[in-house]
Amino acid sequence: MGMQTGAHIVWDWNGTLFHDNDAIIGATNAAFAELGLTPITLEQYRALYCVPVPKFYERLMGRLPTEAEWEVMDTAFHRHYLEHRVRCGLTEGVAELLAGWSSAGRSQSILSMYGHDELVPLVKDFGIEAHFIRVDGRTGPSGGSKAEHMVRHLAELALAGVEPARTVVIGDAGDDAVAAGHVGARAVLYTGGSHSRASLEGFGVPVVDTLREAVAEAERLAA
């Protein structure tokens with residue numbers, strides 16, 4: 001890993017680089033079915049989704065799920081997600097954007113709340129791993145916030161000379177902005193993933209409709 005001196009992007013994976021909205025809603029509804037809950041539309045999901053994930057289920061159920069219910073839904077979601085994921089691909093234009101950022105001499109990494117052992121081979125399968133100086137997925141139980149993972153991610157990036165003040169997190173969830181602020185980085189939120197524009201605009205960071213706009217905004221913020 002060489003020393004980095006310029007702007008750095010920390011990319012989110014699900015709903016950002018990886019366009020898996022159909023897999024997310026399919027797996028969510030499959031998990032709901034196992035507890036007898038009514039299925040929801042993608043629009044409802046984007047309006048209500050939040051982290052920690054049990055709070056999302058509270059919005060739908062009118063109460064927090066019990067520990068047993070959460071375990072059933074979480075296990076079912078991940079099982080069904082694997083089945084639906086195979087029909088999903090990278091967001092349009094991702095390969096070109098990653099290559100362009102790298103060719104300009106800037107660095108980038110991935111931090112995802114998707115399980116690390118599943119994430120790393122998936123990134124490799126898409127042939128884009130060479131663009132990243134680090135790829136980190138979630139370790140430990142699911143359902144929490146990204147902030148604590150971002151602390152560890154930035155600590156590792158600091159060893160390569162990446163500075164939080166010149167780092168921009170690009171993601172599709174308010175939790176990405178919260179995690180960025182937690183480590184002194186900036187954030188740009190993308191409307192093409194798990195959250196609606198209305199739900200993203202309350203986080204006080206730029207909100208964009210395309211990843212091309214997100215990269216342009218990252219370049220401006222990290223200048």
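Hydrogens, waters and symmetry mates play no part in the numbers below; they use all other heavy atoms, side chains included. The shown structure was predicted, so the numbers you read here are calculated from the model rather than taken from an experiment.
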Check this for me: does any side-chain nitrogen of one of E58 and K55 sit under 4.0 Å from a carboxylate oxygen of the other?
yes
Working to the nearest 0.5 angstrom, can you tell me the gap between F56 CZ and M61 CE?
11.5 Å
Kindly give the heavy-atom pair with the smallest separation between A173 and L189, and that separation in Å.
O-CD2, 3.3 Å
Taking atom CD1 of I128 and atom CG of L97, what is their separation to the nearest 0.5 Å?
11.0 Å
Which heavy atom in L98 sits nearest to a heavy atom in F132, and how many Å separate them?
CD1-CZ, 3.7 Å
Under a 3.5 Å threshold, yes or no: a donor from one side chain and an acceptor from the other, between H153 and D136?
yes
Roughly how far, to the nearest 0.5 Å, is CD1 of I25 from CD1 of I40?
4.0 Å
Side-chain donor/acceptor of Q44 to backbone N/O of T41, under 3.5 Å
yes
What about M150 and M113, same hydrophobic cluster or not, with Ile/Leu/Val/Met/Phe/Trp/Tyr joined at side-chain heavy-atom distances under 4.5 Å?
no
Report yes if the distance between the aromatic ring centroids of W13 and F18 is under 6.0 Å, otherwise no.
yes
Shared hydrophobic cluster for Y45 and Y57 (ILVMFWY, side-chain gaps under 4.5 Å)
yes
Rounded to the nearest 0.5 Å, how far does CG of L119 lie from OG of S112?
5.0 Å
Does G100 offer a backbone N or O that forms a donor-acceptor pair with the side chain of S103 under 3.5 Å?
yes
Using atom types as modelled and distance alone, determine if a side-chain donor or acceptor of D172 lies under 3.5 Å from a backbone N or O of G192.
no
Would you say R46's side chain and G193's backbone share a donor-acceptor pair under 3.5 angstrom?
yes
Check whether the ring centres of Y81 and Y114 lie less than 6.0 Å apart, and answer yes or no.
yes
Please confirm whether the backbone N or O of A222 pairs with a side-chain atom of R220, one donor and one acceptor, at under 3.5 Å?
no
Check ion pair R85-D20 (N to O, under 4.0 angstrom):
no
Any chance you could lay out the side chain to side chain donor-acceptor pair (under 3.5 Å) test for H8 and T167, step after step, and finish with the verdict?
CA-CA 5 Å; H8 181 88; T167 296; 5.6 Å; no
More than 12 heavy atoms of other residues, nucleotides or ligands under 6.0 Å from CD of E83: is that the case?
yes
Given salt bridge (Lys or Arg N to Asp or Glu O under 4.0 Å), test D22 with R87 step by step and report yes or no.
CA-CA 9 Å; D22 289 345; R87 295 187 291 275; over 6 Å; no
Are C88 and H19 close enough that some pair of their side-chain heavy atoms sits under 4.5 Å apart?
no
With a 6.0 Å cut-off (strictly less than), is the heavy-atom count around CD of E129, excluding the residue itself, greater than 12?
yes
In terms of side-chain geometry, is the basic nitrogen of E217 or R186 positioned less than 4.0 Å from the acidic oxygen of its partner?
no
If you compare all heavy atoms of S109 against all heavy atoms of L157, which two are closest, and at what distance to 0.1 Å?
OG-CD1, 3.7 Å
Between the CG atom in L122 and the CG atom in L17, the distance rounded to the nearest 0.5 Å is 10.5 Å
Decide, yes or no, whether a salt bridge links R63 with E69 under the criterion of side-chain N to carboxylate O below 4.0 Å.
yes
In this structure, would M73 and I24 fall into the same cluster of hydrophobic residues linked by side-chain contacts under 4.5 Å?
yes
Nearest 0.5 Å, please: how far is CG in D176 from CG in D12?
4.5 Å
For T139 and H116, test the side chains for any donor-to-acceptor distance below 3.5 angstrom and give the result as yes or no.
no
What is the minimum heavy-atom distance between W70 and P65, and which atoms define it?
N-CB, 4.1 Å
Shared hydrophobic cluster for L221 and V208 (ILVMFWY, side-chain gaps under 4.5 Å)
yes
Would you say L35 ends up clustered with L64 if hydrophobic residues are merged whenever their side chains have heavy atoms under 4.5 Å apart, either directly or through other cluster members?
no
Regarding R106 and E219, does a basic nitrogen lie under 4.0 Å from an acidic carboxylate oxygen?
yes
More than 12 non-hydrogen atoms from neighbouring residues, nucleotides or ligands closer than 6.0 Å to NE2 on H84, yes or no?
yes
Expected output: side-chain E213 to main-chain T210 donor-acceptor under 3.5 Å
yes
Determine, for R197 against E201, whether the closest basic-nitrogen to carboxylate-oxygen distance falls under 4.0 angstrom.
yes
